[in-house]
2 protein chains.
Amino acid sequence: MTVTLADVAARAGVSAATVSRVLNGNYPVAGTTRERVMRAVNDLEYVVNGHARALAAATSDLVGVLVNDVADPFFGILASAAQTEIGRGSEHGGGKLAVVCNTGGSPEAELNYLTLLQRQRAAGVILTGGAVEGTEHTHAVADKLARLAADGTKVVLCGRPPLPPDEFSGEESALENDDAAAVTTLAFDNRGGARRLTEHLLTLGHRRIGYVTGPANRTTTRDRLDGHRSALADGGLAVTADRLTVHGDYSRASGYDATLELLRRDPDLTAVVAANDTIALGACAALRERGMRIPQDVSVAGFDDLPFSIDATPALTTVRLPLHEAGARAGRLVMGLESPPPGGVATVRAELMARASTAPPAFA
Amino acid sequence: MTVTLADVAARAGVSAATVSRVLNGNYPVAGTTRERVMRAVNDLEYVVNGHARALAAATSDLVGVLVNDVADPFFGILASAAQTEIGRGSEHGGGKLAVVCNTGGSPEAELNYLTLLQRQRAAGVILTGGAVEGTEHTHAVADKLARLAADGTKVVLCGRPPLPPDEFSGEESALENDDAAAVTTLAFDNRGGARRLTEHLLTLGHRRIGYVTGPANRTTTRDRLDGHRSALADGGLAVTADRLTVHGDYSRASGYDATLELLRRDPDLTAVVAANDTIALGACAALRERGMRIPQDVSVAGFDDLPFSIDATPALTTVRLPLHEAGARAGRLVMGLESPPPGGVATVRAELMARASTAPPAFA
DNA sequence: AAACGCATAGCAAGCGCTTTCTATGAGGTT
DNA sequence: AACCTCATAGAAAGCGCTTGCTATGCGTTT
């Protein structure tokens with residue numbers, strides 16, 4: 001049924017070794033022989049068995065890309081960019097196969113997929129998006145990553161903080177430390193971006209600023225909230241920050257609900273800052289429904305600068321994260337096409353994009 | 001370095017066969033033995049080598065999902081839903097690994113990825129999005145799919161028309177026909193949806209309707225344009241259709257440019273129909289920039305009903321494609337969790353979503 | 001008490017490929 | 001003319017796992 005190396009060898013009248021060599025091109029083979037083999041390969045439509053090859057050569061052409069949800073443009077863009085770099089050269093047999101895995105943000109699912117990838121002896125793994133902290137599996141994930149790195153799998157974190165320095169003691173400690181160092185990190189400047197965003201609102205004159213954030217134990221949530229808080233605190237508004245912060249889940253619906261809740265807490269709110277653009281959209285919908293104009297009555301700001309933000313009306317003020325570049329860089333790093341930053345950690349800048357959805361508050 | 005089955009066997013004091021059986025749970029093993037083995041597995045942190053397993057058992061736990069671009073929500077949603085079904089049960093060792101591949105819509109890239117997947121002896125392949133017709137590689141893709149199906153790989157087409165019935169003659173013809181039948185198709189009712197959309201505009205009273213379409217040789221483009229055309233033709237407006245159709249590439253930018261071009265061709269246009277929502281967003285931007293109000297001056301409609309459509313202002317009239325459901329179904333089909341529709345082809349309904357961006361034209 | 005069946009476990013033969021080591025012959029050397 | 005070198009090809013040993021077949025020992029059956 002399936003054509004094997006041996007079949008090709010037989011038809012070409014050579015040994016299997018020779019066919020393998022022609023295919024891999026890493027050993028001298030006479031021109032005429034090579035031709036004969038190639039003809040046989042084409043005649044038989046032979047396609048090498050990747051598993052057999054992987055087993056024999058102890059290499060793999062799979063790279064895992066873990067995302068919360070491909071359907072979310074934030075991750076879609078990251079994954080798309082990474083995938084392009086990973087697949088680069090697959091026309092010439094170079095390049096690898098990117099396995100995009102939806103984890104839904106759960107460390108449990110992450111762990112699962114990591115094990116699956118470990119099974120396939122993946123050449124590399126990229127983890128995108130913030131990490132969840134403090135669950136039972138969180139440690140397990142870090143351990144697994146260390147183990148993968150130790151086994152030669154390239155690990156790249158994109159959009160999450162570096163692995164914590166080894167918290168263990170005991171005989172394995174030194175080893176694990178080294179492994180952690182083998183993990184490259186592309187951290188996003190969530191804190192700085194959020195800070196600049198809130199400062200922008202403060203500068204415009206806002207004082208009653210509501211904040212809609214994401215799930216509590218996520219690094220991304222924490223960092224963005226921290227940035228927001230510190231900006232407010234510097235403006236002497238620490239209390240506002242506490243009173244006007246509502247947790248959601250990064251979805252449009254939660255942005256909608258949370259905004260209604262904020263309005264309940266302070267009907268005279270002049271600005272709503274959302275932890276991401278999707279939430280911001282929900283916020284806009286809620287405000288509009290309440291008959292409030294943006295930005296005349298209430299300013300709204302998001303985070304990420306996803307493509308649709310520019311098409312919101314009014315165009316959304318947000319913080320731009322160079323997702324495409326970051327994803328591509330992660331892809332290159334995992335493929336070893338780019339040398340890791342010194343210390344293994346690079347921070348990706350977040351840039352304020354002041355647009356039409358924010359304006360000075362009306363003091364009616 | 002790496003722990004193998006033999007290591008586990010040694011530590012548990014049993015044969016490799018027994019360990020394998022414990023792990024696969026498809027052969028009776030005494031409780032005490034099983035426990036001993038499991039302890040060894042845990043102690044050693046053993047993870048089976050997927051390649052070795054795949055080779056020995058001639059099975060694979062990879063499923064390919066080919067998309068034009070994960071960053072595009074249309075594909076992101078499809079892929080996400082499919083992936084969820086494919087990975088379902090991976091906690092218990094069930095489920096497979098979804099490999100999402102960006103083809104950029106090029107048959108050449110499709111062919112490449114299909115070969116890569118064939119190498120890995122993928123258990124299944126899902127192709128999403130319209131097909132490109134008439135290129136040299138188009139046939140090659142169909143052939144490759146037939147070959148994969150013949151080799152036992154489940155093939156599911158999602159959002160593209162069924163494989164053409166075998167056009168070859170010759171000794172292999174019968175065989176290939178069978179293979180084509182083994183391919184399951186989830187076709188989208190692009191034609192019907194487009195038709196209903198344009199009828200909606202016609203019913204509202206529009207007569208000067210512009211159309212912004214996608215790249216020429218794509219099945220999706222063709223079908224949607226066909227639907228639009230036939231609706232216009234039935235309204236006696238065939239000429240309008242020809243004059244007011246501009247080709248783009250499904251991007252926001254091309255929607256913007258094309259709309260400007262339409263306005264040039266007919267400044268008194270009362271409606272713009274876009275071949276997808278992204279184009280529609282570009283159209284809105286162009287119109288707004290020209291100082292035209294939507295829908296008072298010009299109505300705008302899209303296609304797909306991507307999540308952001310509802311947040312456009314005004315909310316976008318469009319045609320809803322149940323992408324999530326379709327993707328999930330494709331996933332189930334490729335996993336054999338759902339029996340294929342009779343004839344191997346099912347059509348996914350497209351539903352008109354009349355919203356605020358379309359209204360009767362003002363006859364000023 | 002002899003014969004049998006069943007539940008478990010092990011043996012060993014691959015799965016299809018890579019790669020080390022060895023063989024062979026042509027061409028060059030002294 | 002005897003010897004060495006280099007280029008090229010083959011033989012064969014795995015890579016780590018699954019699985020058909022074969023043992024082994026116990027509880028049963030008559």
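Letters A, B, ... are given to chains in the order of the sequence lines, protein chains preceding strands, and every chain is numbered from 1. The structure presented is a predicted model; accordingly, all values stated were derived computationally and were not measured.
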Can you tell me if [X] uses its side chain to pair, donor with acceptor, with the backbone of [Y] under 3.5 Å?
X      : Y      : result
A/R121 : A/Q118 : yes
B/R119 : A/G50  : no
A/R36  : A/A12  : yes
B/T115 : B/L111 : yes

Below the 4.0 Å mark, does D/dA11 have OP1 or OP2 next to a side-chain nitrogen or oxygen of A/S15?
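No, because none of the side-chain N or O atoms of A/S15 sits under 4.0 Å from OP1 or OP2 of D/dA11.
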
Distance under 4.0 Å to a non-hydrogen atom of chain B counts as contact; along DNA chain C, which nucleotides mark the start and end?
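Contacts span C/dT8 to C/dG16, reading 5' to 3'.
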
Pull out every residue in residues 22-30 of chain A that has a heavy atom closer than 4.0 Å to any atom of DNA chain D, ordered by number, or say none.
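Correct list: A/Y27, A/P28, A/V29, A/A30.
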
Mind checking B/S20 for me? I need base, sugar-phosphate or nothing, with any heavy atom below 4.0 Å counting as a touch.
base

How would you label the contact of A/A58 with the nucleic acid (heavy atoms, under 4.0 Å): base, sugar-phosphate, or nothing?
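The answer is nothing, as A/A58 stays clear of every strand by at least 4.0 Å.
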
Position toward the 5' end of DNA chain C (nearest nucleotide), A/V47 or B/R34
B/R34

Is the shortest side-chain N to carboxylate O distance from A/E338 to A/K154 below 4.0 Å?
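Looking at A/K154 together with A/E338, the answer is no, because their closest N to O distance does not fall below 4.0 Å.
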
A/L114 pairs by side chain to side chain contact (heavy atoms under 4.5 Å, CB included) with which of A/T153, A/V155, A/L66, A/D143?
A/L66

Residue pairs involving residues 94-109 of chain B (criterion side-chain hydrogen bond (donor to acceptor under 3.5 Å, both in side chains); sequence neighbours excluded):
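Listed once each, the pairs are A/S80-B/N102, B/D69-B/N102.
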
